[in-house]
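Quick caveat: nothing in here was measured; it's all calculated off a predicted structure. No hydrogens, no waters, no symmetry mates; every other heavy atom, side chains included, goes into these values. Each ligand, and each atom within it, is numbered from 1 in the order the structure gives.
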Amino acid sequence: MFKAIFAALTAMTLGSSALAQADKTDAPRWSIAIHGGAGTINREQITPEQDRTIRSVLAKALAAGSQILEDGGTAIDAITATIMILEDDPNFNAGKGAVFTWDRTNQLDSSIMDGSDLSAGAVAGINGTKNPILLARAVKDHSPHVMLSGEGANQFSREQQLDQVSSDYYATPYRLQQIEDLLAEKVSAADVDYKFGTVGAVARDSQGHMAAGTSTGGMTGKRWGRIGDSPIIGAGTYADDRSCAISATGSGEYFIRLGVAHEICTRIRMRLPEAIREAQRAVPKNADGNDSYVIHASEFRLSDAEVQQIADDVIAELGALGGDGGIIYATPWGQAGYSFNTPGMYRGRATSEGQQSVSIYGDEE
Ligand code: GLY
């Protein structure tokens, strides 16, 4: 808020070139955040080697998205490329490495949304496509629909000539062990780490456009065609240039019930005009009784703390309902961050201003 007031004040004093300068230095031109799932991720459970491996894949995915944005590419292209890297890596519950259903099959879910025109695509309960995020994108770009499911979606994928894989492509020994443990009742279906590992990315590009995408194998041992939040626009994924881009990971049923992704974006969108009015009312008067400076609505942005609070409030409501997990966000003002109620979340973020981090545990930045 203070930066916005400063920008407006500077513009009035020094003219429009100074305002352009203030804009350039104030807000990142682009930003990106990624996740690879949340859960009881703590230092006791993760070996140093696993820690290194996860961080290096997250860094690789973050770098790919960042490069596209740095080169002037679109948010939707950046998140697509980022998510493909996470889908191709067996450490995450998406694409290769997806969890198994009760019937020892894989049924994958994915969605994508472009905040510039609110176009969206989603697929649920699919298999055979190497990169489900590409199928969600194809639904968005090349079909009149938003969501396709099951065999129809698989057929659409083949018609779109997306890379196809055999049904054993997704399998890893670790995921096979998980479903065997679950079927042998060695663990509960509600065990937090048997549900999580979804991947996602959100971004704001240098044109000011937002995008979000999410991809998952769902929860281990799911049956009856269960579908979680990841392919549901408004629950696991949402993007709107006016407010934010969100991708979620966690206990999907709760994210669906709260419409978490849309809820956060809506709170940001509704808070903005209110915050502008508050700032305008707070402008001190000069000796003539007029406002001593002008707050330009177009230059105004919500502060980092305010955006974080909105995200944290919605995740607190999720927790109060009994849900676990978290979200990543990007805003039109270049902020990129996270909120989660689990001990850890695989995550990373980067901006054009040089911020770049990859984190795992809750006590990291
Ligand atoms: N959040 C992933 C799922 O519930 O399927």
Side-chain angles (χ1 to χ4, degrees), residues 33-41 83 86-87 91-103 105-113 122-127 132-133 135-136 147 149-150 153 170 175 178-179 182 187-202 212-238 245-264 311 314-315 317-319 321-329 338-342 344-347:
I34 66 172
H35 70 79
T40 44
I41 300 166
I83 292 171
L86 298 172
E87 285 179 336
N91 288 290
F92 304 100
N93 173 18
K96 186 161 185 64
V99 299
F100 281 87
T101 67
W102 189 264
D103 302 318
T105 62
N106 301 105
Q107 292 178 355
L108 301 103
D109 304 330
S110 183
S111 65
I112 195 163
M113 185 161 187
V123 289
I126 63 129
N127 58 40
I133 193 68
L135 185 48
M147 192 173 197
S149 68
Y170 308 110
R175 296 300 185 195
Q178 281 189 328
I179 188 62
L182 190 114
V187 292
S188 151
D191 186 309
V192 79
D193 295 318
Y194 281 63
K195 289 189 292 195
F196 295 166
T198 297
V199 307
V202 295
T214 310
S215 185
T216 191
M219 62 193 285
T220 306
K222 65 184 180 181
R223 46 182 167 164
W224 309 304
R226 179 266 185 191
I227 295 168
D229 60 312
S230 303
I232 298 187
I233 297 300
T237 300
Y238 203 74
I246 302 283
S247 170
T249 174
S251 42
E253 282 69 10
Y254 296 90
F255 283 80
I256 293 171
R257 288 165 62 192
L258 274 179
V260 164
H262 187 264
E263 179 70 16
I264 294 172
V314 175
I315 292 303
E317 287 178 27
L318 178 91
L321 267 187
D324 300 305
I327 59 96
I328 51 173
Y329 62 76
Y338 336 98
S339 181
F340 52 98
N341 66 3
T342 45
M345 178 159 99
Y346 299 133
R347 62 200 189 277

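- For Asn341 (side chain) and Gly326 (main-chain N/O), no donor-acceptor pair under 3.5 Å exists by modelled atom type.
- Checked by atom type and distance alone, the side chain of Ser251 pairs as donor or acceptor with a backbone atom of Asp324 at under 3.5 Å.
- Counting heavy atoms closer than 4.0 Å to ligand 1, residue Lys222 contributes nothing at all.
- Residue-ligand proximity, Ser230 to ligand 1, at heavy-atom distances under 4.0 Å covers atoms 1 (N), 2 (C).
- Annotation: Arg226 places an N or O atom under 3.5 Å from an N or O atom of ligand 1; distance criterion only.
- Counting the atoms of ligand 1 from 1 in the order shown, those under 4.0 Å from a heavy atom of Gly228 are 5 (O).
- Using modelled atom types, one finds a donor on one side chain and an acceptor on the other under 3.5 Å when comparing Ser247 with Thr214.
- Atoms of ligand 1 lying under 4.0 Å from at least one heavy atom of Gly250, given by number and element, are 1 (N), 2 (C), 3 (C), 4 (O).
- Which parts of ligand 1 touch Gly218 is read off a 4.0 Å heavy-atom cut-off, strictly below it: atoms 5 (O).
- At least one donor-acceptor pair under 3.5 Å links the side chain of Glu87 to the backbone N or O of Ile133.
- For Gln178 against Arg175, the heavy-atom pair with the smallest separation is OE1-NH1, 3.0 Å.
- Comparing Thr214, Val99, Asp229 by heavy-atom distance to atom 1 (N) of ligand 1, the nearest is Asp229.
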Decide side-chain contact (heavy atoms from CB on, under 4.5 Å) for Arg347 and Phe340; before the verdict, give the C-alpha distance in whole Å, the side-chain angles of both, and the deciding distance to 0.1 Å. CA-CA 11 Å; Arg347 62 200 189 277; Phe340 52 98; 3.6 Å; yes
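- Near Thr198, with a cut-off below 4.0 Å to any heavy atom, the atoms of ligand 1 are 1 (N), 2 (C).
- Judged by distance alone, with hydrogens and angles left aside, the side-chain atoms of Asn93 form no donor-acceptor pair with the main-chain N or O of Ala98 at under 3.5 Å.
- At least one N or O atom of Gly252, backbone or side chain, sits closer than 3.5 Å to an N or O atom of ligand 1.
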